[in-house]
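See structure below.
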2 protein chains.
Amino acid sequence: MVGSLTRAPLLAQEHVLAERKRREKISQSFLSLAALIPGLKKKDKNSVLGDAIEYLKQLQERKARLEEQVAKRTVESVKFVKKTTQFYAQDDQTSSSDENFGTQSKNPFPDIEARVSNKDVLIRIHCETNKGCISNIINEVEKLHLSVLNSNALPFGQATLYITIVAQMEDEFSMTLRDLVKTLREGLLNFM
Amino acid sequence: MVGSLTRAPLLAQEHVLAERKRREKISQSFLSLAALIPGLKKKDKNSVLGDAIEYLKQLQERKARLEEQVAKRTVESVKFVKKTTQFYAQDDQTSSSDENFGTQSKNPFPDIEARVSNKDVLIRIHCETNKGCISNIINEVEKLHLSVLNSNALPFGQATLYITIVAQMEDEFSMTLRDLVKTLREGLLNFM
DNA sequence: TAAGACACGTGAGTC
DNA sequence: TGACTCACGTGTCTT
């Protein structure tokens, strides 16, 4: 307290040194960031941040539109879900009716299917290749009181992944299949 | 050195005020930027910048790939003409009509799905566990002028198997997706 | 206790 | 000459 003491003469200089190092890293990061922004004129700190934000939004928007376009062509899911056997849930995000042959539009990722047999659950996911994608997914699955027995990820096409997981319900598990798919989807959307 | 003059007593306080304002804007920009980065844990300044850089690169990369893909698709769609959008075939075993997704009756196995992306083909099969089942399936696939890149078989439930195969079209390959599924199904039925 | 992050006030440089 | 932006050293708060 008080502050009458500069603590220690040695630490004081170490402090300024550490701070100097920190500032240096930040400055360098600013430089790196600025380099990624096309058509950037003012390289003042706030402009870099502002333009980075704007550019990022723009990229996200464009990416979404492109994905939509690509997905429409490649997937065009005309999946018919009608009462396959008994336990089957299709992630059709909006539509409610069971009879609906979900014409899946918009961004279909992650596309999730789940089936159950006694205490076993099979989960199939079609999503974009993403950094840490798989571990995140496994992590989300385990959050739902499912113990993963086996998982497999197959890259297919440019940037998509087909993931198959077999898990087993723990005692605490008590969800409907539909809720499982829904919850899982919401969880995964945080990483994508 | 010097420092004898604080320039003006009025300006001094205006200076600190302006600087305070500037800092405030930067901080706010940092916050806005952080909000755009998915899966961001540490919101410390340097991490925000670093992750923003990484994320931006990732986005740029994906955007480029998507654009490339879209361009390719539109070109190829000329070659395939109208049926291009039908990149998805569902095995509905007996029914003949294209529009009829018949009520799947009796023994649904093997249940086959296929998708294609350029020269890659993804095949998903749901069938009963059988002796020599997998090698037979792979064999059948290769008969169709498809070179198998990767395959995975997951047992699930009592006696069923989920098989995922990624293959690549050889030069001789020339089938529609629908025919592929149909032919494959007929081939597999000999072993089941 | 020590290591790291932040905001602050301030001197200095730029257009 | 103001009105800016920046880097600096420092006190403080959080792990």
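Note on naming: letters A, B, ... go to the chains in the order of the sequence lines (proteins, then strands), and numbering restarts at 1 for each one. The structure displayed is predicted, hence computed values, not measured ones.
Atom NZ in A/Lys42 sits roughly 16 Å away from atom P in C/dT14 (whole-Å rounding). Distance A/Lys41 NZ to C/dC15 C1': 17 Å, rounded to the nearest Å. Per the geometry, CG belonging to A/Leu31 stands 15 Å off C1' belonging to D/dA7, to the nearest Å. Put simply, CD on B/Gln28 is 15 Å from C1' on C/dA7, counting in whole angstrom units. Atom NZ of B/Lys21 and atom P of D/dT5 are 13 Å apart (whole Å). Between the NZ atom of B/Lys43 and the P atom of C/dC6 there is a distance of 11 Å, given to the nearest Å. Rounded to whole Å, the distance from CD1 on B/Ile26 to P on C/dC8 is 12 Å. What separates CG of B/Asp44 from P of C/dA3 is a distance of 18 Å, to the nearest Å.
Between A/Pro110 and A/Arg185, the shortest heavy-atom contact is O-NE, 3.4 Å.
Across all strands, A/Arg22 comes closer than 4.0 Å to base atoms (heavy-atom distances).
Ion pair B/Arg22/B/Glu19 flagged as a salt bridge, since at least one NZ, NE, NH1 or NH2 atom sits closer than 4.0 Å to an Asp/Glu carboxylate oxygen. Here A/Glu140 pairs with A/Lys143 in a salt bridge; the nearest charged N to carboxylate O distance falls below 4.0 Å. With respect to the salt-bridge test (charged N to carboxylate O, under 4.0 angstrom), the residues B/Arg65 and B/Glu61 qualify.
Listed nucleotides: D/dA3, D/dT5, C/dA7. Nearest to the side chain of B/Glu14: D/dA3. Closest to the A/His15 side chain, of the nucleotides D/dC6, C/dC8, D/dT12, is D/dT12. Considering only side-chain atoms of A/Arg23, the nucleotide from C/dA7, D/dG9, D/dA3 that sits closest is D/dG9. When each of D/dT10, D/dT5, C/dG9 is scored by its nearest atom to the side-chain atoms of B/Val16, the top-ranked nucleotide is C/dG9.
Here A/Lys25 does not reach the OP1 or OP2 of C/dA5: none of its side-chain N or O atoms lies under 4.0 Å away. Applying the 4.0 Å criterion to OP1 and OP2 of D/dA7, one finds that A/Lys45 has a side-chain N or O inside that range. Taking side-chain N and O atoms only, A/Ser27 has no distance below 4.0 Å to OP1 or OP2 of D/dC6. Dashed line: the shortest gap from a side-chain N or O of B/Arg20 to OP1 or OP2 of C/dG9 is under 4.0 Å.
The base of C/dC6 is paired with the side chain of A/Glu19 by a donor and an acceptor separated by under 3.5 Å.
Residues B/Leu188 and B/Tyr162 are members of separate hydrophobic clusters, defined by side-chain heavy-atom contacts under 4.5 angstrom among Ile, Leu, Val, Met, Phe, Trp and Tyr.
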